[in-house]
Amino acid sequence: MGKLKNTGLIGLGVVAGVAVSLQFSAMAQKNVEPALPLEELRQLADVFSLIKSDYVEPVEDKKLLTEAISGMVASLDPHSAYLDKKAYAELREGSEGKFVGLGIEIGLSEDGYIKIVSPIEDSPAYRAGIKAGDLITRLDGQPVKGSSLDENVKRMRGEPGTKVSLTIARKDEPQPLSFVITREEIHQKSVKSKMIEPGYAWVRVSQFQEPTVDDMAAQITALYKQDPNIKGMVLDLRNDPGGVLQGAIGVAAAFLPKDSAIVSTNGQLPDSKQVFYGRAEYYALRSEGDALAKLPEAIKKVPLVVLVNTGSASASEIVAGALQDYKRGTIIGTQTFGKGSVQTIRQLTADTAVKLTTARYYTPNGRSIQAKGIVPDLLVDENANGDGLNSLRIREADLQKHLINDRDKDADKARDTAKAAPVNDEMEEQLRIIALEKTQKPLEFGSKDDFQLGQALNHLKGLPVQLAKPEPVVVQADVKPAKK
């Protein structure tokens, strides 16, 4: 295959200030002309005319048609969307690792509020004290319920230096909390690293961006200069929502043998049926050349642990899945999000586009991650007493209209069974987690209090690892009716 011409991104969902998920390309590439559904198109025209003539007040043609396009695309799956001028511009900015906003990764909660997946480190939201699991109920005093996620993201965006008021519901607080946060341009560093202790290195990728492969290569090189005899390395992908596809390919390629297959995709279009290999033509986005070429040879064989959790999605699942298939490292943590689809940006005008799901992706062994995720080799909770707020996060299989797993038909069925647990058990578990969180300070990845990281180090040293306790199996007893 020739050199990639497009920047591909695959991500979890929406970041307030960061747009994720896609692959930029030209408009339609499929040379087919199916018969148009004339009757349905007439109905659309009739409804358009009816609104224009009978609605209580005049409505602009552009608004009606734009909303019709937006609704049509959004009805397909949770990750397809129409991008207006502002959303399209923000999407491009996000892939470059800079944006104006609050710095929070968000999603919709089951009851219609905005759920904080994670505040971005050193962002305005992070400094203000916003926490993972918080629910935004109002923006500038206006309810968020009844508005789409994209609409609420637009309300949080704005010019640098302007302020936005958030009303937050937090599970361990009896009353709503109020935050006034100043928007600013955020330069998100997607890679950071350090020597945790002599002989053991930690590399964290918080999101896959265009500079990620170069940044990671530079940091790994610096680690080996600091200690040429590294005995073990931890690749931390927790709460990594995804991002640029090339970034995921490059990160996986750094640890795997040259030319290894990293991920494959399959969809209707010919160019969606591809296999991506660990070669520079598949991950290099800059003209400077191959950032991985000068890495120390030791990186291919250093004992490796990959940390993941429910917030690890899409591009981070590609990396974890590839390393797991090749048995290159041990995956430790909790089951990942399960977003196994690729979105492509089809430009409509100079300023607008459609983000459309165009393919599913698969690990080197042909596994589909969609609605299932990566199951770690060693299940380890977020802390010694349980999985904390991580256990309350939604997964792909919880989202309405999510794609099915075409290679594991039981994936969705298993999730449906899990949701059928008695409500009392779920409430008791939430109360237990809330009580636990009150006694613990927010987790900082890479700190001395990072329990999962500590267990990863234990594994690298050959010491015992504290595994997650198995979830109790609820068996519904058959109750015979009493005799009268």
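Small disclaimer: the values here were computed from a predicted structure and weren't measured. The figures here come from the full heavy-atom set of this structure, side chains too, leaving out hydrogens, waters and symmetry mates.
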Given E396, K372, E317, R395, the one that forms side-chain contact (heavy atoms from CB on, under 4.5 Å) with T336: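 The side-chain contact (heavy atoms from CB on, under 4.5 Å) with T336 is passed solely by E317 among E396, K372, E317, R395.
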Residues forming a side chain to side chain contact (heavy atoms under 4.5 Å, CB included) with N152, sequence neighbours excluded: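 Here the qualifying residues are I114, L139, V144, S147, R155.
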Donor-acceptor pair, distance only, cut-off 3.5 Å: does the side chain of [X] make one with the backbone of [Y]?
X: R204; Y: R238; answer: yes
X: Q219; Y: V191; answer: yes
X: S272; Y: G267; answer: yes
X: S193; Y: V203; answer: no
X: Q274; Y: D271; answer: yes

For residues 220-234, which side-chain N or O atoms pair as donor and acceptor with protein atoms under 3.5 Å away, sequence neighbours left out?
residue: T221; atom: OG1; partner: A217; partner atom: O; Å: 2.8
residue: D227; atom: OD1; partner: N229; partner atom: N; Å: 3.0
residue: D227; atom: OD2; partner: G199; partner atom: N; Å: 3.3

Exercise: do D215 and T212 side chains pair donor with acceptor under 3.5 Å: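 On atom types as modelled, these side chains do not qualify, holding no pair under 3.5 Å.
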Check: Q370/R407 side-chain N/O donor and acceptor closer than 3.5 Å: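 No - no donor-acceptor pair under 3.5 Å links their side chains.
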Salt-bridge contact K86-D84 (side-chain N to carboxylate O under 4.0 Å):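 Salt bridge flag = no for D84 with K86.
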With D377 via salt bridge (charged side-chain N to carboxylate O under 4.0 Å, His left out) - residues at least two apart: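 Here no residue qualifies.
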side-chain contact (heavy atoms from CB on, under 4.5 Å) evaluation trace for Q268 with T358: CA-CA 7 Å; Q268 288 198 73; T358 54; over 6 Å; no
Qualifying residue for side chain to side chain donor-acceptor pair (under 3.5 Å) with N309, from D381, N239, D387: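 Exactly one candidate clears the test, N239.
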Minimum-distance pair of heavy atoms, taken over all atoms of M216 and A254: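 Looking at all heavy atoms of both residues, the shortest contact is CE-CB, 3.5 Å.
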Close side-chain approach of I104 and Y126, heavy atoms under 4.5 Å: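 With C-beta onward as the side chain, the pair stays apart.
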